[in-house]
Amino acid sequence: MTGFNHRAPGVEWSAASVEATIPLRPVEPASPYPSACVSCGGELGIDGYCLQCGQKAKSLREHYELTPADWVAGVCDIGLVHIHNEDALACQADRTRAVLVVCDGVTTSEASDVASMVGAQAACSMVWGSNPQGTGTPTSRAAAIEALLTQSVVAANQAVIDSTDPASRNAAATTIALALVDGNVVSCVNLGDSRVYWFPDEGEPCQLSKDHSLAQDGIDSGAGRAEAEASLFAHTITKWLGRDATDVTPYHRTTTVTTSGWLVVCTDGLWNFASEASAMSELLGQCSGEDPTPLGLASGLVAWANGQGGHDNVTVACARLVTAGQGVAPSSTESEIPTAPTPVQP
């Protein structure tokens, strides 16, 4: 299974794609390449080739890493097969709060690499820039956070639409998965088949998100996960961001964390090879090492996916949550959040 996403029938397809022209970070880098060779540390020439070992570096759109805090990091990588990196990553964090966003551009749509980037940045900026309290009660604050996450998906959708060529016959499209960490509460939303997982140090790992895909429809109808995800149309998504989207109502879930563990947000470039939460948990153990950092774990997971063939772009964001509690996170709610009636500009 290559993991190339497709939208459900009803939209005319083409295979065109363009390079992203938007900045990866708040300030456009002076060079499209890293500051040094990742293999030997040597100086890179203007063409991206290392002047010491001769290896060609990936551009900052093909591979980039973000570490907004020592407990949060992410890696976005082109993989080994795709011509463009249609994945995108955005994250922000301080001492107790973090936003992690990944987007996976639909391969068969035009300018999907641009769509994923603007979508991720718009959603992350909106959530990070607001800290709703409601009327002060836990229930009211939870409702306010749900509303904010809903608006962030709408904002991401509008950003994708605004970046789409009006003459495009196959409008840009992307998935999105977003997790907000606020103390010991994790709230997440997703549209499409990018995912959010929780891996407690003690207790059972779980997938917090729920795919919008034909594979998930099969699972909901009683098919086994392995059978459904191996089907020919498994990666046909039923919801996405973009001009041709008819429903941007995200899946929502909130979980109160009571034990330390790892929060992982990723595209299908990773979970294609380890879909079940239990299988992904074992993978974390293989890639984590003695005392893993979030960047080390994210890098290890990306490298592992590329080691399986790198058939797809792969993006992984990790947050290490440390609490004083014991046991499995017991409190969880999930829902499909109604779409906001008026799009919010990013």
Is the backbone N or O of [Y] less than 3.5 Å from a side-chain atom of [X], with the two atoms forming a donor-acceptor pair by type?
X    : Y    : answer
T174 : C103 : no
S152 : L149 : yes
S275 : W271 : no
T175 : G192 : no
S168 : N170 : yes
T315 : C76  : no

A144 versus P132, closest heavy-atom pair with distance
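Looks like CB-CB, 3.6 Å.
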Minimum heavy-atom separation for L66 to C91, with atom names?
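Shortest heavy-atom separation between L66 and C91 comes out as CB-SG, 3.7 Å.
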Could you grab the distance from atom CD of Q92 to atom OG of S125, nearest 0.5 Å is fine?
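Between atom CD of Q92 and atom OG of S125 there are 7.0 Å.
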Reported CZ-to-CZ distance for the pair R320 and F199, which is rounded to 0.5 angstrom
12.5 Å
Spell out, yes or no, whether V257 and V72 are grouped together once hydrophobic residues are joined by side-chain heavy atoms under 4.5 Å, including indirect joins.
yes
Is L100 reachable from Y64 through a run of hydrophobic residues whose side-chain heavy atoms are each under 4.5 Å from the next?
yes
Trace of the side chain to side chain donor-acceptor pair (under 3.5 Å) decision for N184 with T323
CA-CA 7 Å; N184 68 335; T323 72; over 6 Å; no
Under the side-chain contact (heavy atoms from CB on, under 4.5 Å) test against D193, which residue among L214, T236, N272, D268 passes?
D268
Under a 4.0 Å N-O cut-off, is there an ion pair linking D104 with R195?
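Salt bridge: no.
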Would the number of heavy atoms belonging to other residues, nucleotides or ligands and lying under 6.0 Å from CD of Q286 be above 12?
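Counting other residues, nucleotides and ligands, CD of Q286 exceeds 12 neighbours.
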Atom pairs and distances, donor-acceptor, side-chain atoms in residues 296-307, under 3.5 Å, two or more places apart:
residue : atom : partner : partner atom : Å
S299    : OG   : L295    : O            : 2.8
N306    : ND2  : D77     : OD2          : 3.1

Please lay out, stage by stage, how L270 and L283 fare under the test side chain to side chain contact (heavy atoms under 4.5 Å, CB included).
CA-CA 10 Å; L270 176 65; L283 180 56; 3.9 Å; yes
Assess the residue pair W71 and V181 against the criterion (side chain to side chain contact (heavy atoms under 4.5 Å, CB included)); give the C-alpha distance rounded to whole Å, side-chain angles, the decisive distance to 0.1 Å, and a yes or no.
CA-CA 11 Å; W71 59 284; V181 181; 4.1 Å; yes
